[in-house]
Amino acid sequence: MERAKEAPTGRGVVAELGRLSGRAFAAAPPPLFVVTGMISLQVGAAFAKRLFELAGPFGISAIRLTVAATVLLLVWRPSLRMEPRTFLVVAGYGVVLAGMNTSIYLAFERIPLGVAVTIEFLGPLAVAVIGSRRGLDVVWAALAAVGVLLLSGMDGGLDPVGVGFALLAAACWAGYIVMGGKLGDRTTGGRGLAVGMAVGALLALPLGVVESGSALLRPGVLAAGLVVALMSSVIPYSMELEALRRLPARVFGVLMSLEPAVATLAGLVVLHETLGVAQWLAVGCVVAASVGATRTGRSA
C-alpha cells in the first residue's frame, strides 16, 4: 500500500512561493520596475525629510544606507571574492550611491522636495542626451534649462547651497546610471548591489555619527530608518538594477521622465509643499525634455 502523500512543510511552501515570485519577477516588463521604484523612492524621500529633526540629513542618510545594506547582505549573502575590475565597479557604485543619497538629503533640507528632484533629474537627462547625440537634443537640453530658470524665480528665491547640493546629486545620479549598468553586467542577482550598498554605508556612517551621535540608536529613529531604507533604497535600487540589466543606460535614463512630477506630488501630499504655476511649468519643461529625448534619440 502506497504511503499517503505528505502535506507540504512550511519550508516547502516558502520555497514554492519564492520560485513563483521569482518567475513573476522575471516575466515583468522592465518599465514596471522603473515606475515602481520611482514611486517608492519619492514617497520614501518625503518621509525621510520629516525625520531630519530627529537625526539630521547625514544621520538619516547613514541609517538608510546601513539598514539597506544589512538587509541586502542578509538576503543575498554575497561573496567578497571577485575580480579586481569587478570590485572597482562595485566600489564605484557604492561611492556614487553614498554621494547621491547624502547630497540630495542636504538639498531637501534647504529647498522643496519637487524642486530638488527636478534639478537632480538633470543627471539622467544628460545621460539620455549624450547617449543620443542628435542635433535636436540641443532643443531638449535648452527646454530643461528653461525649466531650471523657471524654478529660480520662486517666491523668496532658492537657497543657493541647496541648489548646489541638488546639482551634486544630479552628477552622482548620472554616475549611478552608468555604474549601475556596469554592475548589472558584472554581477548576478542582487549580490553586487548588496556589496555596493555596504560600501556606501561605510562612507556615510561616520558623517551620520558626527552629526547625530547617540540619536541614531533611538528605537524610534531606527524603526523610521528601516521604513526609509526599504522604500528609498532596497525596493527602488533592486527594481532599477533589474531594469538596467534589461535596458541600455540611455533608455533607462529617459524612462525616468516622470520622476520630477512624482517627487513634486509626493512633496505636496506628504509634506504639503506647494509650488506655483511657474514651478509646475518648470517641472513640465524637464519632463517634456526627457520625453522628447526619448522619442528622437537613436537606439542604443
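Given the structure is predicted, the values throughout are model-derived calculations rather than measurements.
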Discussion item. If hydrophobic clusters are built by linking Ile, Leu, Val, Met, Phe, Trp and Tyr wherever their side-chain heavy atoms come under 4.5 Å apart, do Leu73 and Ile235 end up in the same one?
Written reply: no
Worksheet item: Is the shortest heavy-atom distance from the side chain of Tyr105 to the side chain of Arg64 under 4.5 Å?
Response: yes
Discussion item. Does Phe58 form a side chain to side chain contact (heavy atoms under 4.5 Å, CB included) with Val209? I'd like the steps, not just the answer.
Written reply: CA-CA 8 Å; Phe58 281 116; Val209 171; over 6 Å; no
Worksheet item: Do the side chains of Met38 and Val234 join up, straight or via other hydrophobic residues, at under 4.5 Å, putting them in one cluster?
Response: yes
Practice prompt. Enter the distance from Thr66:OG1 to Met197:CE here, rounded to the nearest 0.5 Å.
Written response: 10.5 Å
Fill in: Leu205 reachable from Val221 in the ILVMFWY side-chain graph, under 4.5 Å edges
yes
Fill in: Exam field: side chain Thr36 to backbone Leu32, donor-acceptor pair closer than 3.5 Å
yes
Worksheet entry | Atom pair CG/CG of Leu268 and Leu275 - distance to nearest 0.5 Å | 8.0 Å
Response to the item:
Note: Leu193 and Ser238 closest approach over all heavy atoms is CD2-OG, 3.6 Å
Discussion item. Give me each pair satisfying side-chain hydrogen bond (donor to acceptor under 3.5 Å, both in side chains) with a member in residues 211-229, each pair once, sequence neighbours excluded.
Written reply: none
Discussion item. Working to the nearest 0.5 angstrom, can you tell me the gap between Leu65 CG and Thr102 OG1?
Written reply: 6.5 Å
Worksheet, complete the sentence: Nearest heavy-atom contact between Ile104 and Asn101 is CG2-O, 3.3 Å
Response to the item:
For Ala166 and Ala107 the tightest heavy-atom approach is N-CB, 3.7 Å
Discussion item. Does any part of the side chain of Val95, heavy atoms only, come nearer than 4.5 Å to the side chain of Leu203, both counted from C-beta?
Written reply: yes
Discussion item. Is it the case that over 12 heavy atoms from other parts of the model lie below 6.0 angstrom from the CZ atom of Phe87?
Written reply: no
Worksheet item: Could you give the distance from CD1 (Ile63) to CG (Leu217), rounded to the nearest 0.5 Å?
Response: 8.5 Å
Item to complete: Might you work through the side chain to side chain contact (heavy atoms under 4.5 Å, CB included) test for Val163 and Ile119, ending with a clear yes or no?
Response: CA-CA 8 Å; Val163 172; Ile119 296 173; 4.2 Å; yes
Practice prompt. Heavy atoms only: give me the nearest Leu41-Glu259 pair and the separation to one decimal.
Written response: CD2-OE2, 3.9 Å
Worksheet item: If you link I, L, V, M, F, W and Y whenever their side-chain heavy atoms are under 4.5 Å apart, who else ends up in the same group as Val138?
Response: none
Item to complete: Verify side chain to side chain contact (heavy atoms under 4.5 Å, CB included) between Tyr93 and Val90, making sure each step is shown before the conclusion.
Response: CA-CA 5 Å; Tyr93 180 83; Val90 172; 5.6 Å; no
Worksheet, complete the sentence: Heavy atoms of Lys49 and Leu271 approach each other most closely as CD-CD1, 3.6 Å
Fill in: Atom pair NZ (Lys182) and OG1 (Thr187), whose distance is rounded to the nearest 0.5 Å
13.5 Å
Worksheet, complete the sentence: Nearest heavy-atom approach of Ala46 to Leu113 is CB-CD2, 3.8 Å
Fill in: N/O donor-acceptor pair under 3.5 Å between Arg186 side chain and Gly192 backbone
no
Worksheet entry | From Leu226 atom CG to Leu222 atom CG, the distance as rounded to the nearest 0.5 Å | 9.0 Å
Worksheet item: Out of curiosity, does Leu149 fall in the hydrophobic cluster containing Leu151 (side-chain heavy atoms, cut-off under 4.5 Å, transitive links)?
Response: no
Practice prompt. Would you sort out whether Arg246 and Phe33 count as a side chain to side chain contact (heavy atoms under 4.5 Å, CB included), showing the intermediate values?
Written response: CA-CA 11 Å; Arg246 307 186 194 183; Phe33 294 128; 3.7 Å; yes
Practice prompt. Look at the side-chain heavy atoms of Ile, Leu, Val, Met, Phe, Trp and Tyr, link any pair under 4.5 Å apart, and say whether Leu168 and Val115 land in one connected group.
Written response: no
Worksheet item: Do any N or O atoms from the side chain of Ser103 and from the backbone of Gly99 form a donor-acceptor pair under 3.5 angstrom?
Response: yes
Worksheet, complete the sentence: Applying side chain to side chain contact (heavy atoms under 4.5 Å, CB included) to Val227 and not counting sequence neighbours gives Phe47, Met231
Item to complete: Name the orientation class of the two ring planes belonging to Trp173 and Phe121 (parallel below 30°, tilted from 30 to 60°, perpendicular beyond 60°).
Response: perpendicular
